[in-house]
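The block underneath contains the structure these notes are about, expressed in structure tokens.
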Protein chains: 2
Amino acid sequence: MDAHPTRISLIQAAIRQFGRGGFEAASTRTIAAQAGTNISSIAYHFGGKDGLRIACADAVAERVAQVARPLPGLQDRPDPRHARLLLRRLVRRIVTFMIVSPGASDAVAFVLRELAEPDSPVLDRLYATLIEPRHRALCALWSAATGAPAEAEEVKLAVFSLVGQAVYFRVAAPIVQRRMGWRHYGRAEARAITRRMLANLDRMIGDGDG
Amino acid sequence: MDAHPTRISLIQAAIRQFGRGGFEAASTRTIAAQAGTNISSIAYHFGGKDGLRIACADAVAERVAQVARPLPGLQDRPDPRHARLLLRRLVRRIVTFMIVSPGASDAVAFVLRELAEPDSPVLDRLYATLIEPRHRALCALWSAATGAPAEAEEVKLAVFSLVGQAVYFRVAAPIVQRRMGWRHYGRAEARAITRRMLANLDRMIGDGDG
DNA sequence: GTCTATAAACAGATAGAC
DNA sequence: GTCTATCTGTTTATAGAC
């Protein structure tokens with residue numbers, strides 16, 4: 001909420017550290033040092049390490065919400081061709097965000113770690129603010145593109161399949177890059193991944209019933 | 001290598017703990033207690049916590065190698081229809097292994113954590129023994145099914161897309177289950193995921209050039 | 001091989017100066 | 001708000017009894 005510079009630096013450093021080795025592996029000392037401030041600032045601004053964790057979850061959720069802001073409203077139901085176009089645009093945006101934007105690696109790793117932990121203290125928060133609304137929106141678009149009901153099991157699983165691919169390309173980057181012979185994720189690599197994911201999307205949507 | 005019972009118990013407990021909160025979050029005390037032995041056993045059998053980490057990586061790689069043993073040899077090149085059949089069978093097997101087999105959750109989480117860490121001490125090992133050979137085999141099958149060259153960029157990315165979906169369904173299980181309204185991953189849930197992934201596979205392979 | 005006891009380094013939290 | 005200093009508990013590693 002607050003735009004205090006120390007607060008922001010701490011959150012940024014914490015997402016990085018939490019994303020790399022996990023919450024418990026990151027030490028408040030390292031985070032504070034990387035943020036260019038003192039350890040006690042964490043207690044002052046967030047009440048402790050756990051408070052910092054929550055603040056990180058909120059920060060990521062808010063950042064993603066801003067990137068995904070111009071999503072078409074759920075109320076207007078586009079025709080199949082338009083829905084497919086919007087889905088393609090979203091896939092492009094997701095891949096671009098995840099692959100090329102700096103810092104996305106740590107943010108995605110942080111979120112996935114929290115999502116994987118069954119009793120993470122921020123799981124409810126992330127699900128309600130980040131996962132659920134966006135997954136629901138994608139299901140609605142998928143439904144408009146294919147004609148299947150938006151809340152059908154098949155549709156929900158299809159959307160998970162799609163985002164799962166993107167998440168994997170980001171999180172498993174070290175081995176993907178090694179297998180592909182890539183030195184890093186740059187524009188060319190992002191383009192190749194985008195091409196593949198768009199092809200997957202088109203085929204999964206098919207000509208109707210998927 | 002050794003079949004010493006304490007060794008095995010320790011590895012099993014360690015994979016579980018490493019998979020849940022990450023390597024650094026797991027304490028040797030907890031691991032030893034869960035294995036029903038003393039902390040010092042870790043130093044004795046593995047030289048220390050790092051040695052245990054390596055032993056875990058080898059254990060998972062070996063276990064997967066056993067499950068994936070009856071893979072068709074790379075030298076014989078099946079015709080497209082047969083290749084598609086084999087791919088479908090492999091998808092079934094992968095989902096079954098990941099979703100329903102007990103303990104797979106922790107093993108997958110452990111491996112993914114190591115793969116995500118760019119300078120994990122066991123990344124090279126896991127890549128060489130677990131990732132590369134299996135990815136290569138899948139690419140060969142994909143090639144046989146579609147006609148595309150096995151080492152083409154598109155093919156390698158397609159295979160990553162496919163396994164990425166399965167990994168995501170496993171690792172992000174808490175939110176998948178919440179969104180799907182599932183209480184856990186059982187036979188019915190595994191069947192639904194398998195159905196979706198087989199549909200994805202069929203469409204991605206298409207009628208040829210994918 | 002498995003245990004107890006302990007060492008040395010590290011963690012997060014906090015009291016209080018400024 | 002930010003710092004230093006310190007408290008308390010926990011970490012891994014290890015020495016040595018059995």
Side-chain angles (χ1 to χ4, degrees), chain A residues 1-59 106 109-110 113-114 117 119-122 125, chain B residues 1-59 106 109-110 113-114 117 119-122 125:
Chain A
M1 289 290 183
D2 198 0
H4 196 291
T6 301
R7 215 185 134 86
I8 294 174
S9 301
L10 278 171
I11 290 175
Q12 195 175 347
I15 290 174
R16 165 131 64 159
Q17 294 301 315
F18 292 162
R20 306 236 163 147
F23 174 73
E24 322 214 26
S27 84
T28 53
R29 280 173 167 80
T30 305
I31 293 169
Q34 197 161 87
T37 182
N38 194 271
I39 323 168
S40 305
S41 310
I42 294 173
Y44 177 79
H45 284 284
F46 307 100
K49 199 185 179 185
D50 291 319
L52 180 54
R53 186 183 202 168
I54 295 172
C56 286
D58 290 341
D106 297 322
F110 165 68
R113 281 207 150 92
E114 299 293 346
E117 209 169 320
D119 35 45
S120 153
V122 297
R125 227 180 175 81
Chain B
M1 290 292 184
D2 198 0
H4 197 292
T6 302
R7 214 185 135 87
I8 294 174
S9 301
L10 278 171
I11 290 176
Q12 196 177 346
I15 290 175
R16 164 131 65 158
Q17 294 301 316
F18 292 162
R20 308 237 162 143
F23 173 74
E24 323 215 26
S27 84
T28 52
R29 277 175 169 75
T30 306
I31 293 169
Q34 197 160 88
T37 182
N38 194 269
I39 324 168
S40 303
S41 310
I42 294 173
Y44 178 79
H45 285 285
F46 307 100
K49 199 184 178 184
D50 291 318
L52 180 53
R53 186 183 202 168
I54 295 172
C56 287
D58 289 342
D106 297 324
F110 165 68
R113 281 209 152 93
E114 299 293 344
E117 209 170 317
D119 34 46
S120 153
V122 297
R125 226 178 177 82

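Throughout, a chain's letter reflects where its sequence line sits, starting with A, and its residues are numbered from 1.
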Next item on the list: Would you mind reading off the distance between Ile42(B) atom CD1 and dT11(D) atom C1', rounded to a whole angstrom?
Entry: 12 Å
Note to self: Could you tell me how far apart Lys49(B) (NZ) and dT11(D) (P) are, to the nearest whole angstrom?
What the structure shows: 9 Å
Notebook entry, point to check: How close or far is atom P of dG1(D) from atom CD1 of Ile8(A), stated in whole angstroms?
Noted result: 13 Å
Notebook entry, point to check: Which is true for Ala26(A) with a 4.0 Å heavy-atom rule: it touches a base, it touches only sugar-phosphate, or it touches nothing?
Noted result: sugar-phosphate
Item checked: Pair Glu117(B) + Arg53(B): basic N to acidic O under 4.0 Å -> yes
Checklist line | Spacing of Ile39(B) atom CD1 relative to dG16(D) atom C1', expressed in whole Å | finding: 16 Å
Notebook entry, point to check: Using a cut-off of less than 4.0 Å, is there contact between a side-chain N or O of Thr6(A) and OP1 or OP2 of dG1(D)?
Noted result: no
Note to self: I'd like to know whether His4(B) forms a side chain to side chain contact (heavy atoms under 4.5 Å, CB included) with His45(B), so could you lay out the CA-CA distance, the side-chain angles of the two residues, the decisive distance to 0.1 Å, and finally the verdict.
What the structure shows: CA-CA 9 Å; His4(B) 197 292; His45(B) 285 285; 3.9 Å; yes
Item checked: Close side-chain approach of Pro121(A) to Ile54(A), heavy-atom, < 4.5 Å -> no
Margin query: Heavy atoms from C-beta onward define the side chain here; which of dT4(C), dT2(D), dT2(C) lies closest to that of Asn38(B)?
Written below: dT4(C)
Check: With no hydrogens and no angle check, is any side-chain donor or acceptor of Lys49(A) less than 3.5 Å from a backbone partner on Ser27(A)?
Finding: no
Check: In whole angstroms, how far is the C1' atom of dA11(C) from the CD atom of Glu24(A)?
Finding: 12 Å
Notebook entry, point to check: Hey, does Ser40(B) reach any base, or is it just sugar-phosphate, or nothing, if we go heavy atoms under 4.0 Å?
Noted result: base
Check: Taking atom C1' of dT2(D) as reference, at what distance in whole Å does atom CZ of Phe46(A) sit?
Finding: 14 Å
Margin query: Taking the minimum atom-to-atom distance to the side chain of His4(B), which one of dG12(C), dT2(C), dG1(D) wins?
Written below: dT2(C)
Item checked: OP1 or OP2 of dA13(D) under 4.0 Å from side-chain N/O of Thr28(B) -> no
Next item on the list: Find out whether Asn38(B) and Tyr44(B) are in side-chain contact, i.e. whether some heavy atom of one side chain is under 4.5 Å from a heavy atom of the other.
Entry: no
Check: Which nucleotide in the list dG1(C), dG1(D), dT11(D) gets nearest to the side chain of Tyr44(B)?
Finding: dG1(C)
Notebook entry, point to check: Checking all strands, does Ala32(A) fall into the base, sugar-phosphate, or nothing category for heavy-atom contacts under 4.0 angstrom?
Noted result: nothing
Check: For the pair made of CG in Leu52(A) and P in dA13(C), what is the distance, rounded to whole Å?
Finding: 10 Å
Notebook entry, point to check: For Phe18(A), which residues count as a ring pair (Phe, Tyr, Trp, His ring centres under 6.0 Å) partner, sequence neighbours excluded?
Noted result: Phe23(A)
Item checked: Closest to side chain of Thr37(A), choosing from dT2(C), dT11(D), dC3(D) -> dC3(D)
Checklist line | Watson-Crick or G-U stems of DNA chain C, 3 or more pairs, under 3.5 Å, by first number | finding: C:1-10 with D:9-18, C:12-18 with D:1-7
Checklist line | Whole-Å gap separating P (dC7(D)) and CZ (Arg29(A)) | finding: 14 Å
Note to self: side chain to side chain contact (heavy atoms under 4.5 Å, CB included) for Ser9(A) and Thr37(A)? Distances and angles first, verdict last.
What the structure shows: CA-CA 9 Å; Ser9(A) 301; Thr37(A) 182; over 6 Å; no
Notebook entry, point to check: Where each residue is assigned the nucleotide of DNA chain C containing its nearest heavy atom, which of Gly48(A) and His45(B) is assigned the position nearer the 5′ end?
Noted result: His45(B)
Checklist line | Close side-chain approach of Arg113(B) to Arg113(A), heavy-atom, < 4.5 Å | finding: yes
